[in-house]
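What follows is a short report on a single structure.
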Amino acid sequence: MVGGGVIGLAAAYRLAESGAAVRLVDASGTTGASWAAAGMLAPISEAVFGEEELTRLNVAAVAQFAAFAAALEDRTNLAVGLRTEGTLAVALNADDRSALDRLSEFRTALGLPSETLNGRQARALEPYLATEVQAGVFAADDLSVDNRSYLQALALANDLAGVESVRDDVTALVRDHGRVTGVRTATGGSLTAASVVLCTGALTQRLAGYPIQPVKGQILRLAVPARLRSSGSVLTRTVRGIVRGSEVYLVPRAGGEVVVGATQEQQGFDTQVTAGGVYELLRNAYELLPISSEFDFVEARAGLRPGSPDNGPLVGPAENGLILATGHYRNGILLSAMTAEAVVRLVAGQPLAEEWKPFGPDRFSPSGHH
Ligand code: GLY
């Protein structure tokens with residue numbers, strides 16, 4: 001298993017529990033996109049035109065997530081902070097409103113349940129929303145999870161299940177007679193394995209040539225101060241909107257943290273947080289929820305989403321001895337439980353669930369790495 005982000009951790013845990021001997025190789029631990037993420041499990045409010053198959057996969061994934069998280073909590077005695085209050089998408093002006101209406105029609109046509117609200121009804125759900133909010137769409141079935149608690153629980157579950165953790169970078173795949181037989185590592189060694197599983201996100205192109213590009217997301221962590229919390233919850237559900245063409249979401253956590261994300265930038269492997277990125281996020285959060293300017297500022301961070309040409313993940317066999325579980329773009333946390341089950345099946349040579357059919361690595365050709 002190469003890569004200790006959410007996909008690698010979830011898959012290693014499930015594989016080890018299925019009885020396999022698993023080694024997980026990652027130099028830096030979980031500091032990449034999974035750690036930066038907001039933890040939205042929101043197939044309904046994130047469904048977009050042209051991505052019907054991905055939406056079907058995401059809907060199947062959210063249905064499996066709660067049971068996976070409950071089993072993980074049982075195994076580790078750690079809470080992962082699953083929230084079930086839903087997602088409220090809001091519109092600030094007439095343009096936003098028609099964009100939201102068009103998306104709602106599309107989602108309804110796919111059979112995804114959501115409820116259209118006027119501004120007053122939206123504020124009844126979230127009283128601190130800006131008075132400018134004209135309309136909303138409420139997706140009650142969308143969930144969220146505290147991604148960092150979830151990752152910590154997965155890491156512990158790996159230890160408990162006997163996964164061997166190797167702190168090293170993988171620099172290349174090792175091939176022998178047309179088969180991938182292991183990996184070479186930065187410290188000069190090599191490791192052999194009956195199956196190599198790449199869960200390498202934005203680094204996959206470097207290792208295996210598949211066309212996955214880093215899509216930078218800058219994201220903030222704010223905290224509702226105790227004096228605001230004493231009179232009840234300031235934010236109960238995930239709230240999202242489009243402000244002057246850029247998307248913003250606010251995701252509340254049980255302890256008073258509010259995650260505000262995220263920018264989308266294509267500029268290679270840069271993870272620098274910028275003044276402009278932070279400004280845009282704070283401004284947009286303020287426009288949806290003015291009281292957010294009174295929140296404590298805790299952290300700003302950037303992560304690299306692994307984006308494939310069609311925004312869908314690459315999960316399946318790639319070569320003899322090589323399996324990919326990567327390219328999860330905006331949906332890594334959401335798809336982690338379902339991907340872990342898929343990896344267990346792939347390693348055992350079993351067929352995958354129907355929803356995975358469009359997402360085999362063979363829809364792309366790798367370049368330059370053979
Ligand atoms: N799924 C949220 C994001 O990628 O920003």
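Remember, it's 1-based here, ligands and their atoms both numbered in the order they're listed.
- Counting only N and O atoms by type, the side chains of S45 and D142 include a donor and acceptor under 3.5 Å apart.
- Cation-pi geometry between R75 and Y13 is not satisfied (NZ or CZ under 6.0 Å from the ring centre, within 45° of the ring normal).
- Remark: A66 engages L82 in a side-chain contact (heavy atoms from CB on, under 4.5 Å) (not counting sequence neighbours).
- Scanning for ring-ring contact (aromatic ring centres under 6.0 Å, His included) contacts around Y329 gives an empty result, with sequence neighbours left out.
- Protein residues with any heavy atom under 4.0 Å from ligand 1: M40, E46, Y249, A262, R305, R330.
- In this structure, the side-chain contact (heavy atoms from CB on, under 4.5 Å) partners of R102, at least two apart in sequence or on a different chain, are F49, S98, A99.
- With respect to the salt-bridge test (charged N to carboxylate O, under 4.0 angstrom), the residues E294 and R227 qualify.
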